[in-house]
Every structure is written in structure tokens, then in C-alpha cells.
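Numbers here are sequence positions counted from 1.
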Amino acid sequence: MLNRNKYIDEIINKLGWIKNEVSLRTSLNLLDLNIHMEHFLLGLLNLTYGYQLENLNTTQTNYASIDLGDSSKRIAIQVTSDN
């Protein structure tokens with residue numbers, strides 16, 4: 001039980017750090033982390049929900065309105081941020 005709490009605390013801390021880092025960088029118009037977050041979230045969502053998401057921006061630069069897609073489950077996700 002202690003390990004579970006430790007892991008949950010660490011996940012919360014890391015996700016909080018990511019949220020703050022993206023917010024601060026976005027406010028300065030530094031968007032490189034946003035692009036990396038598409039790949040991070042793709043892996044996280046695939047692992048968590050069993051999706052087979054693909055980053056659509058790798059097949060077509062700035063794919064219109066959609067960032068991640070799973071054609072077999074007909075799911076589309078837009079990864080966005082604001083400052």
C-alpha cells in the first residue's frame with residue numbers, strides 16, 4: 001500500500017510539473033514542449049486506454065484540427081494548451 005501511494009504521489013507531481021512547464025513556456029510563445037507532449041500523451045493514452053493512436057502530424061505537418069487518431073476505434077484527439 002505504501003508503494004502505491006508513493007507511485008501516485010510521484011505521478012501527480014510529475015504531471016503537475018508538466019502542466020506548469022507547458023503553461024509557462026506557452027505564455028512566452030515557446031511551443032517546443034507542446035510538440036513533445038503530443039508524443040508523450042499518445043503513449044500515455046495508448047497505454048492507459050488500449051488505444052492505437054498515431055500522431056497525425058508526422059504524416060502531414062499541422063494536420064487539420066486533429067493531432068492524434070486511432071482509425072480502428074474512430075477516435076480523434078486534439079492536444080492543445082493555453083497560458
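- The closest donor-acceptor contact from the side chain of S23 to the backbone of K19 lies at 3.5 Å or more, if one exists at all.
- To the nearest 0.5 Å, atom CG of residue D9 and atom CG of residue N13 are 6.5 Å apart.
- Residue I12 is found in a hydrophobic cluster whose other members, listed by chain and number, are I8; membership requires side-chain heavy atoms under 4.5 Å apart, directly or through intermediates.
- Criterion: ILVMFWY side-chain heavy atoms under 4.5 Å apart, direct or through other members. Under it, L45 and L47 are not part of a common hydrophobic cluster.
- For residues 29-42, the salt bridge (Lys or Arg N to Asp or Glu O under 4.0 Å) pairs, not counting sequence neighbours, are R25-D32.
- Residue I35 is found outside any hydrophobic cluster, as its side-chain heavy atoms come under 4.5 Å of no other Ile, Leu, Val, Met, Phe, Trp or Tyr.
- Looking at residues two or more places apart in sequence or on another chain, you find a side chain to side chain contact (heavy atoms under 4.5 Å, CB included) between N29 and L31.
- In plain terms, the two heavy atoms of S81 and V22 that are nearest each other are CB-CG1, 3.6 Å.
- How far CD1 of I75 is from CD of Q52: 10.0 Å, rounded to the nearest 0.5 Å.
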* From CA spacing to verdict: side-chain contact (heavy atoms from CB on, under 4.5 Å), H39, T58 -> CA-CA 10 Å; H39 295 287; T58 59; 4.0 Å; yes

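- Hydrophobic clustering, with ILVMFWY side chains joined whenever heavy atoms are under 4.5 angstrom apart, groups L44 together with W17.
- Pairs engaging residues 56-71 under the salt bridge (Lys or Arg N to Asp or Glu O under 4.0 Å) rule: none recorded [sequence neighbours left out].
- Listed by chain and number, the residues in a side chain to side chain contact (heavy atoms under 4.5 Å, CB included) with L42 are N46, L53, N55, L68 (sequence neighbours excluded).
- Applying the ring pair (Phe, Tyr, Trp, His ring centres under 6.0 Å) rule to F40 yields no partners; only residues at least two apart in sequence or on another chain are considered.
- Residues meeting the side chain to side chain contact (heavy atoms under 4.5 Å, CB included) test with T80, sequence neighbours left out: none.
- Applying the salt bridge (Lys or Arg N to Asp or Glu O under 4.0 Å) test to pairs two or more places apart or on separate chains, none has a residue in residues 54-65.
- Taking CG from N34 and CG from L41, the interatomic distance works out to 10.5 Å, rounded to the nearest 0.5 Å.
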